Enquirer: 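What follows is a single structure, and I will ask about it in a moment.
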Amino acid sequence: ADSVKIGFVSTFSGPTAVIGNDMRNSFELALDHLGRKIDGKPVEVIYEDDQQKPDVGKQKTEKLVQSDKVDFIVGYIWSNVLLASLKTAVDSKTFLISANAGPSQLAGELCSPYVFSTSWQNDQTPAAMGLYMNQKGVKSVFLIGPNYAAGKDMLAGVKSTFKGEVVGEEYTVWPSQLDFSAELTKARNSKAESIFVFYPGAAGVQFLNQYAQAGIKVQIPLYTAFTVDELSLPLQKDNAIGIPGAQEWVNDLPNAENKKFVEDYRKKYPGLRPTYYGAQAYDAAQLINSAVVAVKGDLTKKDAMKAEMEKANFKSLRGPFKYGNNHIPIQNFYLQDVVKDADGQLSLKTVATIVKDDQDKFHDKCSMK
Amino acid sequence: MYLVVEQLLNGLQFGLLLFLLAAGLTLVFGIMDFVNLAHGSLYMMGAYFAATFVAWTGSFVLGALLALGATLLLGIVLEYVALRHLYGRDHLDQVLATFGLILFFNDAVRLIWGPAGLALPLPAWLTVPVQIIPGVYYPAYRLMIIVVALAVAAMLYLVVMRTRVGMLIRAGASNREMIGALGINIKLLFTLVFGLGAALAGLAGLMQAPILTVQIGMGENILILAFVIIVIGGIGSIRGAFMAAVFVGIIDTMGRAFLPDLLRKVLSGAAASTAAPALSSMLIYLLMAIILVLRPEGLFPAAKR
Amino acid sequence: MVDPLLRVDNLVRRFGGITATDNLSMEVLPGELHAIIGPNGAGKTTLISQLTGQVMPNSGTIRFAGRDVTSLPSYKRSRLGLARSFQITSLLKDFSAIDNVALAAQAHDGHSFRFWGNARKERHLRATARAALERVGLGQRADIVVSQLSHGAQRELELAVALATKPQLLLLDEPMAGLGVTESARMVALLKELRKEVTIVLVEHDMEAVFALADRITVLVYGRVIACDVPDAIRKDEEVKRAYLGDQHAVTRHG
Amino acid sequence: MMPKLNASNAVAALLCVALVLLPVYSAVTGNIFILTLFTRIAIYALAAASLNLIMGYGGMMSFGHAAYLGIGGYAVGILAAEGIGSGFIQWPVALAVSALFALLIGALSLRTRGVYFIMITLAFAQMAYYVASALSRYGGDDGLTVYKRSDFAGLINLSDRNQFYYLCLACLFGGLYLIWRIVNSRFGLVVQGVRSNEQRMQAIGFHANRYRLVCFVISGTICGLAGALLANNTDFVSPAVMYWTRSGDLMVMVILGGMGSLFGPVVGATVYLLLEELLSQFTEYSGLILGPVLLLIVLFARGGIMGLLGRMSRG
Amino acid sequence: MADTKMADTKSAEPLLEVDAIETCYGLSQVLFGLSLKIKAGEMVALMGRNGMGKTTTIRSIMGLTPARSGAIRFAGEAVRGLPSYKIAKLGIGLVPEGRQIFPNLTVRENLVAASGNRLGASDPWTIDKIHALFPRLAERTSNMGVTLSGGEQQMLAIGRALMTNPKLLILDEATEGLAPLIRDEIWSCLSMLKGRGQSVLVIDKNVGNLTRIADRHYIIERGRTVWGGTSEQLIAEPELQHKYLGI
Ligand SMILES: Nc1ncnc2c1ncn2[C@@H]1O[C@H](COP(=O)(O)OP(=O)(O)OP(=O)(O)O)[C@@H](O)[C@H]1O
Ligand SMILES: Nc1ncnc2c1ncn2[C@@H]1O[C@H](COP(=O)(O)OP(=O)(O)OP(=O)(O)O)[C@@H](O)[C@H]1O
Ligand SMILES: [Mg+2]
Ligand SMILES: [Mg+2]
């Protein structure tokens, strides 16, 4: 082949298109940084919209594999879309790089030589938050999360590391619950010292609104995972100030690649700020680049490419990391907080490193050794 | 005990929040007999207009008023251009047409405002929690929602059930031809009523935006809830919709608040912690199914009022 | 004395505050044409509806052909041989006239859980239906969709549908309403024919027809029977005149 | 009945021929994806046709039809996960469970009419959705991967693209033929009569709800078959396939194609899914086009696309 | 009512003039050049067998099924092509075939919804007057329309049309389903209205009563007016009745 073909499956329609757009923006930026060539070959990217539906995602993946005959497939925000699409990619021996979704199956029994992640396994981020709460000496927590797979993973993640008492655990209807006052009331009455929540996207905005309006913000501190990010922050505004979260990437991580990424991103997409979704997509492009360069552009050498990717031999925006046997990063997690930056805008800032070289706990279940 | 009272209040308040959206829908669907799935889109437009106008004028009240006017206008235009041709038609034609409108509005909003959603911050005077009984705080804004919802309910009831215009709307819904033969310009009347329904949707959108979000697709899940309420209450009955909204609000809230603990008492820990969330997710639908099995025309069938 | 075909005892039906059927008892003998008359809102339609099962009584019993049918649903009563026409036309509007009638015939031709054969090609159903249509004078319009038939034709079709169920007892709720003079006359002639074959209960405000046809007449007022007798006696009954017939000329000079 | 030659029949016939010949085209041009796409279309067409049976002919507006897609799919998926790979077991179970579910919710739902019926079927489907989401043993919300497609003892290989496509097509045509026979049968006439005027049908001696219920069960069973096919096609089942928006999609396909017309749902499914796919190729704002298209079809094509074609050929 | 005034105005010109209208339902034509005239204060009857186009004539006048060609003038205005509400506003009150009362409104609301006195009649109809006319309705005043008996619905339909205080009252099947007593009352009510200068167009099968109180009659046969004339003429020509009405 005289070009490198990459399929990119993400959500580009509906309310969550904002995530897909960010991933695409960052991926495009990565290609710009690579000169839009990989090992001298032009790169061709085909973006496909999964509409956040598993069977549509699967169909798009099939299209990319069968019709476009791509060399790599990147993307996947949602666990269920990824799981539906996985078999197509693996059966056709096409490399698939998850730039966000991290269901435990992917780290465990469904791991595959052809599948890599530039994100994390679902449990890792909340587990890091649990560790941080230990460090802070928090004695008790009330957990609230949406009643779906990732929601349960997140709460389980906190529980796996948090040493204090879990005084309550509430699951809310997903995706349709609008009002959290029942849960907030329970949390306040539980006399817990802290609340932990996981609410991605719009639900996070909604939760913080209600948390602040109910006056609980001044009573019980909140800890979060994936609830406050650069996408939700402009909507959460002051409600998010002082609310800590854990993340493997923050925009102010002190490495040269990251600085360039953040700067160029803001230049290329005025008014927007990069997110961890984007950073993961950016890393995926770099990962692909490293593999193709290693085989000198011979895309048929799949084993060699796999071996190269396993080394994670590229400059990740989050700083260097290693791959576990299951192709999930072994990486640091940072504590982030919301602050007002120089021009008075709210932004996320790294406060501390919670945990170094954290590996997910499903890697033993993976048959690859 | 406090806890129960407070949760009851939460439920009541959530019910009224739902009623705000259901109100416009009762008018358009319950009384004009037009299945308008795009009601959720008008709700969304109300919220987007409000967020835009509030940011623009810097005043919550002014922005809200402008947004109301804008949704009213949008509703009228929509009705005039397309929907008025669908009144006498099969409900399913209306479903398909207004489903098309949902698709259109979602993408139009994404094109105009971007996919990220907007913030609609509250003015400071509405953000303070108010102590309503000793030890129980309530967000001031939610109290305002209660007041607005009650006012809307009263207004709707009076207009529809007590005025000649209300009679004409109901009559026109059942037999358009005949109402025309009585010399009433039913087209114009329906356009105005549809506009009012749209404005009510917009009102719900802008009132709920500071609590919920301003997002693409924000109207869809809540629209289903609004339909549930109208159906439980009995289509066409304003009193029914109001009671059902409160009922659903309270059952839903109380269910989420107390069901898990109750289940834990009867079931083993593990079984309870999987069953409880599943059950409370289903609660509203379970409730609707049971009510409809027992009372196939809802709690307050309209004909008997 | 023959056993009555239909026997109603102490029937009561209330709607909210009003009692539409008030402790009503009556008998219909086999082979007779029994007319029911009474002012508007007297409860005639409500009575018919209770007899055929669209409305359930609050109390009282209905016996048909020696069987207690009080709590049977309407479809079961139809199978026993009770058929009715509706005062306010009730037909399958998007079906052709003949389909309407054929379905009625089908209902009484074994069960309809037959999923395969084409029912519109079943000869005997079609033949029965056509015969019923011919009888009411709609033979020419068999294939017209009901919604395109004129009001009068729809009234005639009502009767054809009832006939096709081959009833033992035919309950007709104002079959002449909406018929023109010609058609009314034809209907009277038809009923004269029919009464030889089947017992008929006729609700009608067309007094000429009623007095021409009825063997006996029951008069309802406010849900109660105020008189039940042969036509001549009813014609002379002062109470009936006061409550229903009005001036004598309304009866004699009518039409 | 000799089918008359008119625009709508011509389109139906053309569509059938095209569907049958598609694998040839795909083999000649090497465009495999089109086959994948049309396999999915055929499956949804079958589901839509089953919905049309109750909605178009029976007047029962089910807003929960996607539940059967999920139930048929989960029957296959769960059996596969438990190590029972034989299609001879999986598929009958899928059909039986769908039928049972239809029987249960039909018996309860048929107490209601009209919009109430729409909403109660929605409620039951949503409950099915939440139950599936709670099945953590079978992936819960994340869904369940079907590692091996149903095994038919070598009779047919579902993993072969062409064979699977023809299987789906055979199911579709089989389903349509069945529906066609049913709607013209005694049973079918009764069901349509009940749609038109229930009181009248009761009065002439039909137990309306019994016929409705049987019709509802037949429809659910056919849709369960579509569910089993879908699970095999996607190699995956998840609760998402039962969410109310999916039931809405099915309704849209039926109305778009033409309710109460035999081929309407096939045309509807084809047009809807193709439009979705094609529009997404060149714009991210497909709703700006698809939405108004749907609106225009309702405004100007009563009775959906088939209705429009029918009127065109009548002059 | 404003009897004298109403009778005077434009007595030269007919109140309603239908000239050679043709009307179709879809593709099937029902009226073929039908014409008729009603003068102010006159009571005119339309006769004809079932399905000959009487109802269609009325629907065309009201604009419910607009005529394709021909002319319709009412109160000096050309009304063909106008929407039905505008025609009704000019002063036509309709008692339609099949009654068409509003099932989801109470009896009282049915009357209130229709009430209006656009033309400023000096002695307009009120609910009380309707109740006096039909005491049965007074008893049912808060019942939903759907629960009324057939005859009660007919009374309500007439009451509703009167509540609009029309210049021209049109009754399609005026006495269908009414008990003889009430039927007599309707006829005497109609002659009373006529006595007060009300113009009426009436369809009914009761030729005897029609010839007694109507001024003129039209016979419709297959969508055409085949005969028009006074009651005396009609009575004088029994073969007409025999030929067209089957009497
Ligand atoms: N479903 C109902 N709810 C309330 N009232 C009802 C209902 N059905 C009938 N009625 C009332 O019961 C009374 C009897 O009605 P019914 O229809 O039996 O009269 P009818 O004798 O057939 O009169 P008509 O000759 O006018 O047809 C009427 O006053 C009517 O208003
Ligand atoms: N909606 C319709 N579509 C098609 N044809 C119709 C429709 N309504 C009436 N017709 C036909 O038009 C003709 C005239 O009908 P119309 O109702 O005007 O007759 P009519 O004189 O009022 O009869 P009737 O005394 O039975 O009411 C009839 O042959 C009828 O079949
Ligand atoms: Mg009656
Ligand atoms: Mg007529």
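From a predicted model like this one, the values you see are computed outputs, not experimental measurements.
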Enquirer: Applying salt bridge (Lys or Arg N to Asp or Glu O under 4.0 Å) to C/Asp99 and C/Arg120, what does each step give before you reach the verdict?
Expert: CA-CA 8 Å; C/Asp99 280 349; C/Arg120 287 199 175 89; 3.1 Å; yes
Enquirer: Does any donor atom in the side chain of D/Arg181 or D/Tyr177 lie under 3.5 Å from an acceptor atom in the other side chain?
Expert: yes
Enquirer: For the residue pair C/Thr89 / C/Gln154, report whether a side-chain donor-acceptor contact shorter than 3.5 Å exists.
Expert: no
Enquirer: Looking at D/Leu189, D/Leu178, D/Val183, which makes the most heavy-atom pairs under 4.5 Å with chain C?
Expert: D/Leu189
Enquirer: Is a side-chain donor or acceptor of C/Arg195 paired with a backbone partner of C/Leu213 at a separation under 3.5 angstrom?
Expert: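 Yes.
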Enquirer: Checking C/Arg13 side chain against C/Thr46 main chain: does a donor-acceptor pair fall under 3.5 Å?
Expert: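 No, the answer is negative, given that no donor and acceptor are paired below the 3.5 Å cut-off.
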Enquirer: Whether the C/Thr199 and C/His34 side chains hold a donor-acceptor pair (N or O, under 3.5 Å, no angle test) is what I'd like checked.
Expert: no
Enquirer: For D/Ala94 versus D/Ala75, what's the shortest heavy-atom pair and its separation?
Expert: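 Reported closest heavy-atom pair: CA-CB, 3.5 Å.
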Enquirer: Sort C/Gln54 into side chain, backbone, both or neither according to what part of it lies under 4.5 angstrom from a heavy atom of chain D.
Expert: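 Interface part for C/Gln54: side chain.
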Enquirer: If we define contacts as heavy-atom pairs under 4.5 Å, which of C/Ser74, C/Ser90, C/Ala105, C/Gly117 has the most with chain D?
Expert: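 The answer is C/Ser90.
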Enquirer: What verdict does the side-chain contact (heavy atoms from CB on, under 4.5 Å) test give for C/Asp206 and C/Leu179, after you've listed the backbone C-alpha separation in whole Å, the side-chain angles of each residue and the deciding distance to 0.1 Å?
Expert: CA-CA 11 Å; C/Asp206 183 335; C/Leu179 292 189; over 6 Å; no
Enquirer: Check each atom of C/Phe113 against the heavy atoms of chain D and say whether the ones under 4.5 Å are side chain, backbone, both or neither.
Expert: both
Enquirer: Just checking, D/Arg113 and D/Tyr116: is the charged tip under 6.0 Å from the six-membered ring centre and within 45° of the axis?
Expert: no
Enquirer: For the pair D/Asn52 (side chain) and D/Val254 (backbone), establish whether a donor and an acceptor sit closer than 3.5 Å, ignoring hydrogens and angles.
Expert: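 Pair absent, no side-chain N/O of D/Asn52 close to backbone of D/Val254.
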Enquirer: Verify the neighbour count for atom CZ of C/Arg79: are there more than 12 heavy atoms of other residues, nucleotides or ligands below 6.0 Å?
Expert: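 Count over threshold, so yes.
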Enquirer: Go through the atoms of C/Leu80 and report whether side chain, backbone, both or neither lie under 4.5 Å from a heavy atom of chain D.
Expert: neither
Enquirer: For C/Ala104, is it the side chain, the backbone, both or neither that has a heavy atom under 4.5 Å from a heavy atom of chain D?
Expert: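 Both backbone and side chain.
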Enquirer: Donor-acceptor pair, distance only, cut-off 3.5 Å: does the side chain of D/Thr121 make one with the backbone of D/Ile118?
Expert: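 Looks like yes, one N/O pair under 3.5 Å.
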Enquirer: Can you name the residues of residues 204-220 of chain D that have some heavy atom under 4.5 Å away from a heavy atom in chain C?
Expert: D/Ile204, D/Gly205, D/Phe206, D/His207, D/Arg210, D/Tyr211, D/Val214, D/Ile218
Enquirer: Tell me whether D/Ser185 contacts the main-chain N or O of C/Arg114 through its side chain, where contact means a donor paired with an acceptor under 3.5 Å.
Expert: yes
Enquirer: Whether the C/Arg84 and C/Ser49 side chains hold a donor-acceptor pair (N or O, under 3.5 Å, no angle test) is what I'd like checked.
Expert: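 Yes, C/Ser49 and C/Arg84 have a side-chain donor paired with an acceptor closer than 3.5 Å.
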Enquirer: Under the ring-ring contact (aromatic ring centres under 6.0 Å, His included) test, which residues partner C/Phe15, sequence neighbours left out?
Expert: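 So C/Phe15 forms no ring-ring contact (aromatic ring centres under 6.0 Å, His included) with any residue.
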Enquirer: Taking only heavy atoms into account, what residues of residues 155-168 of chain C are found under 4.5 Å from chain D?
Expert: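 Answer by number: C/Glu158, C/Val161, C/Thr165.
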Enquirer: Could you name the residues of residues 190-199 of chain D that have a heavy atom within less than 4.5 Å of a heavy atom in chain C?
Expert: D/Val190, D/Gln192, D/Gly193, D/Arg195, D/Ser196, D/Asn197, D/Gln199
Enquirer: Checking C/Met26 against C/Leu47 for the side-chain contact (heavy atoms from CB on, under 4.5 Å) test, could you report, in this order, the C-alpha distance in whole Å, the side-chain angles of both residues, the deciding distance, and whether it holds?
Expert: CA-CA 11 Å; C/Met26 67 178 285; C/Leu47 174 61; 3.9 Å; yes
